[in-house]
Undergrad: 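Starting off with a structure, shown below.
In what follows, every heavy atom counts, from backbone to side chain, and hydrogens, waters and symmetry copies are set aside. On a predicted model such as this, the values are computed, not experimentally measured, just so you know.
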Amino acid sequence: MKFNVLLGGIIKKIGLSKLFINTTLGKIFTISLNNELLIKDKARELLTTLSPKPEGTSYTTNRILDEKVDLKIIVPAYNVEVYIDECLGSIFSQKTDYTFSVVVINDGSTDNTRKILNKYERINNLQIIDQPNKGFSGARNRGLKEIDSKYIMFVDSDDKLEQNAIQSLLKTAFENDADIVEGGYYNFGEKGVISKNVHSDNKNINPIGNLRGFPWGKVIRSSLFANLKFPEGFWYEDTIFSYLIYPQCKNASTISDIVYWYRYNPKGISVTSVKNNKCIDTYWILEQMLEDMEKLNIKKSQETYEMTLFQIHMNFKRTKYMDEAIQKSLFVLSANLLQTQFKNFYTQNNFYKKLEQALRKNDFKEYFSFCILFN
């Protein structure tokens, strides 16, 4: 009853009409919407009611970095009894001239994951940490507290490393004194390889636009995480790479070797949660990245602006199945963000000129047409 009264008050203030509220599912279904766009504060109020912005931040105090080994591999593990053996087997079978250690964070698993991990406990360069479930970000952050290496690598516990991945990545990293080295990967499932994604061999490249926005498939200089962590409570926490890590990277390289096997998960968030209100995080995380850039003294650049246009386009793709009121609210906040954070920036990418124009003019119809056409 209290939820109905609260939600009804917000709907009345925002000016929506003919709304059907299903409180059992906790969702709002719009039958029709007033033509006028929502004002910024009320758009934010609606989104906050449906899915509040998490309180996590990417900023942390200085870590004391001690380079005891060449590489630290961080493996978050939650209910992966089916995959964890294959994952760890691919890591400890690596043949390399470099030293590495592994930290597995058992993130509150309720299946047999911990029992399987027991048989690995005698391995000298492996540390297993048990903690209550904190999600991907919380698990990775716990692993980051154990950094004692020049480079770090993230491996998801349902994925695996290709043979000689460590050797290939670190050889290039040390030869080029690179901040990040990224290799190719296989996308695979139960029936085998689905696709193959490769780089050419390049050194001293711009990571923005040339490296993928994922933690895995690369080695990263540990010092890039000296004041960074994954923002907890958010979906799409990997956004820190595009906004906070790549802008600090002075020297990136890619190699043509396949180094990683990424498992396609038909039950993953991106596939199963297209109408979940938590998808609103795709906008919240963008806001958080821009806030954290200021905390970390990372200046906004033309590249940041182009990335933000890309991110706004991506935000639409992630929320396109959601209620129209939500889509319009996200548009209003995105347009305001562009105006306040990037007032004097203009895209140099012809592809995004129409999107930029729609956002600058607060033209939802033009914005929607562009995003649907290039969905």
Undergrad: Of all the heavy-atom pairs spanning I73 and I91, show the shortest one and how long it is.
TA: CD1-CG2, 3.8 Å

Undergrad: Does a side chain donor of either Y283 or T319 reach within less than 3.5 Å of an acceptor in the other side chain?
TA: no

Undergrad: For the side chain of Q94 and the backbone of Q167, is there at least one donor-acceptor N/O pair under 3.5 Å apart?
TA: no

Undergrad: Return yes if some donor-acceptor pair links the side-chain N/O of D363 with the main-chain N/O of A358 below 3.5 Å, else return no.
TA: no

Undergrad: Tell me whether F351 at atom CZ has more than 12 heavy atoms from other residues, nucleotides or ligands lying less than 6.0 Å away.
TA: yes

Undergrad: Is any NZ, NE, NH1 or NH2 atom of the basic residue among K171 and D257 found under 4.0 Å from an Asp or Glu carboxylate oxygen of the other?
TA: no

Undergrad: Should the pair R263 and F188 be classed as cation-pi, given the thresholds of under 6.0 Å to the six-membered ring centre and 45° from the axis?
TA: no

Undergrad: State, to 0.1 Å, how close Y236 and T239 come at their nearest heavy-atom pair, and which atoms those are.
TA: O-OG1, 2.6 Å

Undergrad: Do you know which of P231, P215, S137 makes side chain to side chain contact (heavy atoms under 4.5 Å, CB included) with I240?
TA: P231

Undergrad: Mind listing the closest non-hydrogen atom pair of A173 and V219 along with its distance?
TA: CB-CG2, 4.2 Å

Undergrad: Looking at Y185, I'd like to know if the NZ or CZ of K196 sits under 6.0 Å from its six-membered ring centre while staying within 45 degrees of the ring's axis.
TA: no

Undergrad: Without swapping roles, check the side chain of E232 against the backbone of T57 for a donor-acceptor pair under 3.5 Å.
TA: no

Undergrad: Cationic tip of K218 within the cone over F241's six-membered ring, i.e. under 6.0 Å and within 45° of the normal?
TA: yes

Undergrad: Do K53 and E291 sit within salt-bridge range, that is, some charged N less than 4.0 Å from a carboxylate O?
TA: yes

Undergrad: Kindly give the heavy-atom pair with the smallest separation between S329 and L46, and that separation in Å.
TA: OG-CD2, 3.4 Å

Undergrad: For the residue pair F370 and H313, categorise the inter-ring angle as parallel (less than 30°), tilted (30 to 60°) or perpendicular (more than 60°).
TA: tilted

Undergrad: Treating S101 as the side-chain partner and K72 as the backbone partner, does any N or O pair qualify as donor plus acceptor under 3.5 Å?
TA: no

Undergrad: May I ask you to check whether Q288 and D292 show a side-chain donor-acceptor distance below 3.5 Å?
TA: yes

Undergrad: State, without any angle test, whether N164 and K95 hold a side-chain donor-acceptor pair at a distance under 3.5 Å.
TA: no

Undergrad: Verify, without hydrogens or angle tests, whether D148 (side chain) and E67 (backbone) share a donor-acceptor contact under 3.5 angstrom.
TA: no

Undergrad: Go through D158 and I84 one step at a time and tell me if the side-chain contact (heavy atoms from CB on, under 4.5 Å) criterion holds.
TA: CA-CA 6 Å; D158 55 347; I84 190 64; over 6 Å; no

Undergrad: Is K354 salt-bridged to E366, going by a charged N under 4.0 Å from an acidic O?
TA: no

Undergrad: Counting heavy atoms not belonging to K250, are there more than 12 under 6.0 Å from its NZ?
TA: no

Undergrad: If we only count heavy atoms from C-beta on, is the V103 to V75 side-chain gap below 4.5 Å?
TA: no

Undergrad: What's the verdict on salt bridge (charged side-chain N to carboxylate O under 4.0 Å, His left out) for K299 and E294, showing C-alpha distance, side-chain angles and the deciding distance?
TA: CA-CA 7 Å; K299 293 183 179 179; E294 293 185 11; over 6 Å; no

Undergrad: Just say parallel, tilted or perpendicular for the rings of F342 and F345, cut-offs at 30° and 60°.
TA: perpendicular

Undergrad: Taking atom CG of N176 and atom OG of S253, what is their separation to the nearest 0.5 Å?
TA: 4.0 Å

Undergrad: Inspect the surroundings of OH in Y262 and state if more than 12 heavy atoms from other residues, nucleotides or ligands are less than 6.0 Å away.
TA: no

Undergrad: Within a reach of under 6.0 Å around CD of E190, are more than 12 heavy atoms found that belong to other residues, nucleotides or ligands?
TA: no

Undergrad: Step by step, would you call N206 with E303 a side chain to side chain donor-acceptor pair (under 3.5 Å)?
TA: CA-CA 10 Å; N206 187 342; E303 291 169 336; 2.4 Å; yes

Undergrad: Before you tell me yes or no, could you show the steps for N375 and K317 under side chain to side chain donor-acceptor pair (under 3.5 Å), namely the whole-Å CA-CA distance, both residues' side-chain angles and the distance that decides it to 0.1 Å?
TA: CA-CA 6 Å; N375 182 29; K317 293 179 180 181; 5.8 Å; no

Undergrad: So which heavy atom on D281 is nearest to which on P54, and how close?
TA: OD1-CD, 3.7 Å

Undergrad: Among I180, N210, N251, find the residue that satisfies the side chain to side chain contact (heavy atoms under 4.5 Å, CB included) test when tested with I205.
TA: N210

Undergrad: Let me see the working for E306 and T347 under side chain to side chain donor-acceptor pair (under 3.5 Å), right down to the final yes or no.
TA: CA-CA 6 Å; E306 302 291 356; T347 184; 2.7 Å; yes

Undergrad: Between D156 and R140, is there a salt bridge with N-O shorter than 4.0 Å?
TA: yes

Undergrad: Can you tell me if D70 and T99 form a side-chain donor-acceptor pair at under 3.5 Å?
TA: yes

Undergrad: Using every non-hydrogen atom in the two residues, find where S51 and N277 come nearest and quote the distance to one decimal.
TA: CB-O, 3.3 Å

Undergrad: Using the ring centroid of each side chain, check whether Y98 and Y151 are separated by less than 6.0 Å.
TA: no

Undergrad: Does some side-chain heavy atom of W284 sit less than 4.5 Å from a side-chain heavy atom of T48?
TA: yes

Undergrad: Using modelled atom types only, decide if a donor and an acceptor are shared between the side chain of S109 and the backbone of N79 within a distance under 3.5 Å.
TA: yes

Undergrad: Any donor-acceptor pair under 3.5 Å linking the side chain of T113 with the backbone of E81?
TA: yes

Undergrad: Going by heavy atoms in the side chains, are N125 and F92 under 4.5 Å from each other?
TA: yes

Undergrad: Could R114 and D130 be called an ion pair, given the rule that one side-chain N must be under 4.0 Å from one carboxylate O?
TA: yes

Undergrad: When you measure from the centre of the six-membered ring of Y346, is the NZ or CZ of R360 under 6.0 Å away and within 45° of the axis?
TA: yes

Undergrad: Is there a side-chain contact between I245 and F225 in this structure, where contact means two heavy atoms from C-beta onward sitting under 4.5 Å apart?
TA: yes

Undergrad: Applying side chain to side chain donor-acceptor pair (under 3.5 Å) to Q341 and K300, what does each step give before you reach the verdict?
TA: CA-CA 9 Å; Q341 298 278 345; K300 298 184 185 71; 3.1 Å; yes

Undergrad: Just by distance, do the side chain of T304 and the backbone of S301 share a donor-acceptor pair under 3.5 Å?
TA: yes

Undergrad: In this structure, are over 12 heavy atoms from other groups packed under 6.0 Å from Q163 atom CD?
TA: no

Undergrad: By the definition side chain to side chain contact (heavy atoms under 4.5 Å, CB included), identify the one residue from T282, L330, L338 that meets it with I312.
TA: L338

Undergrad: Does NZ in K145 sit with more than 12 non-hydrogen atoms of other residues, nucleotides or ligands closer than 6.0 Å?
TA: no

Undergrad: Would you say the side-chain atoms of D179 pair up with the backbone N or O of A252, donor to acceptor, closer than 3.5 Å?
TA: no

Undergrad: Taking D41 first and then R44, would you say they form a salt bridge - that is, a charged N and a carboxylate O separated by under 4.0 Å?
TA: no

Undergrad: With a 4.5 Å heavy-atom cut-off, do Y305 and E356 have their side chains touching?
TA: yes

Undergrad: Indicate yes or no for a side-chain donor-acceptor contact from E121 to the backbone of L117 under 3.5 Å, with no hydrogens or angles considered.
TA: no

Undergrad: Centroid-to-centroid, F316 to F368, below 6.0 Å?
TA: yes

Undergrad: Taking atom NZ as the centre, does K203 end up with more than 12 heavy-atom neighbours from other residues, nucleotides or ligands that are less than 6.0 angstrom away?
TA: no

Undergrad: Is the number of heavy atoms from other residues, nucleotides or ligands under 6.0 Å of K68 NZ greater than 12?
TA: no

Undergrad: Do F230 and F154 have their ring centres less than 6.0 Å from each other?
TA: yes

Undergrad: Under 4.0 Å between a side-chain nitrogen and a carboxylate oxygen: does that hold for K119 and D85?
TA: yes

